[in-house]
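Remember, it's 1-based here, ligands and their atoms both numbered in the order they're listed.
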Amino acid sequence: MISMAGDSAQDLTVVAARARLLSSVSPVSGVERQPLAQGLGRVLAVPVMAPFALPRENHSALDGYALCGVDAEAGRRLRIAGRALAGAPWSGTVSPGCCARIMTGAVLPAGADTVIAQESVQAEPDWITLGSSLAAGANVRLAGEDLPAGAEALAAGCRIDARHIALLVALGQTEVSVVRPVRVGLLSTGSELRPPGAALAPGDLYDSNRPMLAALLRQASVSLQDLGAVPDDPAQLSERLADAAALDLLVVSGGVSVGEADWVRPVLAEHGQLDFWRVAIKPGRPLAFGRVGGCWFMGLPGNPVSAYVTYRLFVEPVLQRLSGLSVREPVVLSAPLCAQARHRPGRTSFLRGRWERYGPQGWGVAPLAAQGSAMLAGLAEADCLIELAADQAVFEPGTSVRVWRLSEG
Ligand SMILES: Nc1nc2c(c(=O)[nH]1)N[C@H]1C(S)=C(S)[C@@H](COP(=O)(O)OP(=O)(O)OC[C@H]3O[C@@H](n4cnc5c(N)ncnc54)[C@H](O)[C@@H]3O)O[C@H]1N2
Ligand code: MOO
């Protein structure tokens with residue numbers, strides 16, 4: 001039997017809750033081969049080794065003249081013996097006393113080991129005179145300096161982005177082996193919820209959590225199953241839990257608190273198991289975590305800001321772990337408060353804030369005036385979450401606080 005009231009002393013800290021989540025969940029199994037473009041946003045399942053060196057040959061790093069290191073002295077006059085362009089190498093050999101006209105990216109001709117920029121020479125039709133000395137080997141990109149042949153180009157567990165696609169293409173890859181997508185179901189609960197565009201009776205509101213969470217889940221490249229919305233009815237909620245059989249994770253919003261219409265925990269306890277409930281944070285305290293059969297269950301509080309914050313703090317790491325991504329500590333910045341911030345001690349607060357100029361050169365963060373857990377306008381306006389420690393009530397301007405970045409652009 002689960003207590004409906006709960007005892008706040010049992011609320012987990014953020015750190016403890018994240019640790020519980022990460023120690024419970026393990027990566028899904030299953031690997032797919034995908035064309036490279038379809039690999040964007042997916043997690044690499046096996047390391048990619050370089051089949052050849054990058055660059056493949058010694059290349060010029062400048063537009064200028066390729067020469068022998070022994071000739072790299074100011075005043076030296078060299079005959080232009082050939083011409084090398086990117087994509088049109090010169091097959092001749094540069095010998096002392098000679099040079100070759102060369103463009104950026106062209107293969108360095110045999111015999112040459114140094115390149116001088118064209119701005120540093122006086123050029124005649126068939127001759128150049130060096131205007132300055134340079135070190136032998138200057139301005140050459142050596143074969144393999146970016147990546148030697150056989151080296152690990154990308155480690156398993158990296159989420160493929162535009163830079164990784166460039167590297168894979170440069171290595172001649174056309175497909176990638178990626179972890180199969182994590183299957184996530186998304187369900188809203190609440191008798192007051194209506195779909196976008198529907199007529200609203202008194203007390204109704206649009207189900208904004210589901211599209212918000214769906215947008216966040218799409219960014220995580222999951223295979224998303226939208227399970228719609230159910231009213232606050234334990235029978236209908238129980239029916240929906242049957243859908244969990246085909247899923248890795250079920251994310252439900254609403255109905256996790258202590259009200260008469262909050263059925264999520266009792267239904268979860270009946271059909272699955274509740275692992276923990278409540279984290280000492282504001283907003284987002286009544287987060288519920290458990291499982292239904294082989295599917296993980298995360299019950300996010302219905303208040304829209306609470307749902308967003310608990311997604312960022314707790315669903316994100318769970319998805320990272322499920323998808324085989326190497327889970328790192330989240331990047332949390334430190335910045336001074338531009339204005340006083342206060343909260344009720346006991347829970348760690350995540351205030352909606354904005355970055356502002358602070359001091360002669362720096363940046364600080366200022367809490368927004370509106371901080372309600374249901375205030376979507378404040379959430380949309382914020383570009384950061386300001387973390388206030390649970391053991392202190394008042395934070396004066398200039399106090400250094402932890403800041404979570406919000407903007408996704
Ligand atoms: N007596 C107590 N009451 C409450 C407590 C408590 O400890 N004791 N906790 C409060 C906290 S903290 C939160 S957060 C909320 C969370 O409650 P639920 O998860 O049960 O959420 P609901 O009651 O279903 O809804 C709360 C609020 O959010 C709106 N909502 C719900 N779903 C959506 C949706 N999909 N899209 C947009 N808005 C949604 C709903 O209409 C309510 O206004 O409980 C406190 N109560
Ligand atoms: O924790 Mo609730 O999310 O204060 O509104």
Side-chain angles (χ1 to χ4, degrees), residues 2-14 17 185-198 200-217 226-234 236-237 240 250-269 274 276-290 297-315 343-352 367 370-380 382 385 387-388 390:
I2 290 168
S3 151
M4 293 301 280
D7 170 3
S8 62
Q10 287 166 8
D11 293 6
L12 293 175
T13 62
V14 175
L186 183 56
L187 177 69
S188 291
T189 71
S191 300
E192 73 282 28
L193 303 178
R194 296 290 170 267
L200 296 179
D204 289 351
L205 51 84
Y206 293 118
D207 176 0
S208 58
N209 284 355
R210 199 152 40 96
M212 172 182 74
L213 295 167
L216 289 163
L217 288 163
D226 186 343
L227 302 176
V230 286
D232 296 309
D233 168 26
Q236 291 191 49
L237 189 55
R240 284 302 161 84
L250 177 57
V251 177
V252 175
S253 89
V256 284
S257 191
V258 293
E260 287 177 7
D262 293 337
W263 290 107
V264 167
R265 284 182 306 124
V267 167
L268 178 62
L274 180 69
F276 71 76
W277 176 58
R278 300 220 293 206
V279 185
I281 55 171
K282 185 174 175 59
R285 184 182 183 215
L287 174 79
F289 174 68
F297 181 98
M298 297 188 80
L300 313 189
N303 279 324
V305 184
S306 314
Y308 182 87
V309 168
T310 48
Y311 180 95
R312 297 298 301 265
L313 292 179
F314 304 112
V315 181
H343 73 154
R344 180 133 56 102
R347 294 193 252 170
T348 304
S349 286
F350 292 87
L351 303 184
R352 273 67 69 209
Q371 291 292 341
S373 299
M375 291 180 167
L376 264 178
L379 178 64
L385 292 174
E387 187 176 326
L388 299 185

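- Looking at ligand 1, you'll find an N or O of V256 within less than 3.5 Å of one of its N or O atoms.
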- Checking side-chain contact (heavy atoms from CB on, under 4.5 Å) for the pair D232/E192: CA distance, chi angles, key distance, verdict? CA-CA 9 Å; D232 296 309; E192 73 282 28; 4.1 Å; yes
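- Of all the heavy atoms of S253, the ones lying under 4.0 Å from any atom of ligand 1 belong exclusively to the side chain.
- Considering all non-hydrogen atoms of both residues, R352 and L379 come closest at CG-CA, 4.0 Å.
- For S208, the closest heavy-atom approach to ligand 1 falls below 4.0 Å.
- Put simply, the side chain of Y311 reaches to within 4.5 Å of the side chain of L217, judged on heavy atoms.
- With hydrogens and angles ignored, the 3.5 Å screen pairs no side-chain donor or acceptor of N303 with any backbone N or O of S306.
- In terms of protein heavy-atom proximity, atom 5 (O) of ligand 2 is nearest to S373 OG, 2.6 Å.
- Counting the atoms of ligand 2 from 1 in the order shown, those under 4.0 Å from a heavy atom of N303 are 5 (O).
- Nearest protein neighbour of atom 11 (C) of ligand 1, counting heavy atoms only, is P286 CG, 4.0 Å.
- I281 is not listed as a side-chain neighbour of E387, based on a closest heavy-atom distance of 4.5 Å or more.
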- Task: Carefully, step by step, assess K282 and V305 under the rule side-chain contact (heavy atoms from CB on, under 4.5 Å).
- Result: CA-CA 10 Å; K282 185 174 175 59; V305 184; over 6 Å; no
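- The ligand atoms of ligand 1 that sit less than 4.0 angstrom from a heavy atom of V258 are 1 (N), 2 (C), 3 (N), 6 (C), 8 (N).
- Here atom 43 (O) of ligand 1 lies nearest to N303 when heavy atoms of L376, V305, V264, N303 are compared.
- With rounding to the nearest 0.5 Å, the separation of CD in Q10 from CZ in F276 is 13.5 Å.
- Interface of R347 with ligand 2, defined as ligand atoms under 4.0 Å from a residue heavy atom, comprises 1 (O), 4 (O).
- For ligand 2, the atoms lying closer than 4.0 Å to a non-hydrogen atom of S306 are 2 (Mo), 3 (O), 5 (O).
- Taking every non-hydrogen atom of S306 and a distance limit under 4.0 Å, the qualifying atoms of ligand 1 come out as 14 (S).
- Of all the atoms in ligand 1, the ones that sit under 4.0 Å from a non-hydrogen atom of D262 are 20 (O), 23 (O).
- Residues L388 and L351 are in side-chain contact: their nearest non-hydrogen atoms beyond the backbone lie under 4.5 Å apart.
- Within the 4.5 Å cutoff, the side chain of V279 has no heavy atoms near those of the L313 side chain.
- Ranking the protein heavy atoms by distance from atom 4 (O) of ligand 2 puts K282 NZ, 3.1 Å first.
- Counting heavy atoms closer than 4.0 Å to ligand 1, residue D232 contributes nothing at all.
- Proximity to G255 (heavy-atom distance under 4.0 Å) selects the following atoms of ligand 1: 18 (P), 19 (O), 20 (O), 21 (O), 22 (P), 24 (O).
- The shortest N or O to N or O distance between E192 and ligand 1 is below 3.5 Å.
- The atoms of ligand 1 that sit less than 4.0 Å from any heavy atom of L205 are 37 (C), 38 (N), 41 (O).
- For S373, the closest heavy-atom approach to ligand 1 does not fall below 4.0 Å.
- What sits closest to atom 7 (O) of ligand 1 on the protein, heavy atoms only, is R285 NH1, 3.8 Å.
- Contact of the F350 side chain with the V14 side chain is registered, since non-hydrogen atoms from C-beta on lie closer than 4.5 Å.
- Between V256 and L287 there is no side-chain heavy-atom pair separated by less than 4.5 Å.
- Y308 places none of its side-chain heavy atoms less than 4.5 Å from the side chain of L376.
- In terms of polar-atom proximity, G302 is counted as a contact of ligand 1, with an N or O under 3.5 Å from an N or O of the ligand.
- Neither the backbone nor the side chain of A229 has a heavy atom within less than 4.0 Å of ligand 1.
- When each of L186, L300, T189 is checked for a side-chain contact (heavy atoms from CB on, under 4.5 Å) with V252, only T189 meets the rule.
- Numbered from 1 in the order shown, with element, the atoms of ligand 1 that lie under 4.0 Å from a heavy atom of D207 read 34 (C), 35 (N), 36 (N).
- Protein heavy atom nearest atom 33 (C) of ligand 1, with residue, atom name and distance: N209 ND2, 3.3 Å.
- Listed by number with element, the atoms of ligand 2 under 4.0 Å from a non-hydrogen atom of R285 are 1 (O), 3 (O).
- Under the 4.0 angstrom criterion for non-hydrogen atoms, G259 is not in contact with ligand 1.
- The distance from ligand 1 to the heavy atoms of G254 drops below 4.0 Å at these ligand atoms: 19 (O), 21 (O), 24 (O).
- Which parts of ligand 1 touch S257 is read off a 4.0 Å heavy-atom cut-off, strictly below it: atoms 4 (C), 5 (C), 6 (C), 9 (N), 10 (C), 16 (C), 17 (O), 18 (P), 19 (O), 20 (O), 44 (O), 45 (C), 46 (N).
- From the protein, the heavy atom lying nearest to atom 2 (Mo) of ligand 2 is G284 N, 3.6 Å.
- In terms of modelled atom types and a separation under 3.5 Å, the side chain of R240 and the main chain of L227 share a donor-acceptor contact.
- Where the criterion is an N or O separation shorter than 3.5 Å, residue side chain and backbone included, P283 fails it with respect to ligand 2.
- With contacts defined as side-chain heavy-atom distances shorter than 4.5 Å, the pair R285/P301 does not qualify.
- For the residue pair N209 / S253, a side-chain donor-acceptor distance below 3.5 Å is found, with atom types taken as modelled.
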- Determine, step by step, whether T13 and T348 satisfy the side-chain contact (heavy atoms from CB on, under 4.5 Å) criterion, reporting the C-alpha distance in whole Å, the side-chain angles of both residues, the deciding distance to 0.1 Å, and the verdict. CA-CA 8 Å; T13 62; T348 304; over 6 Å; no
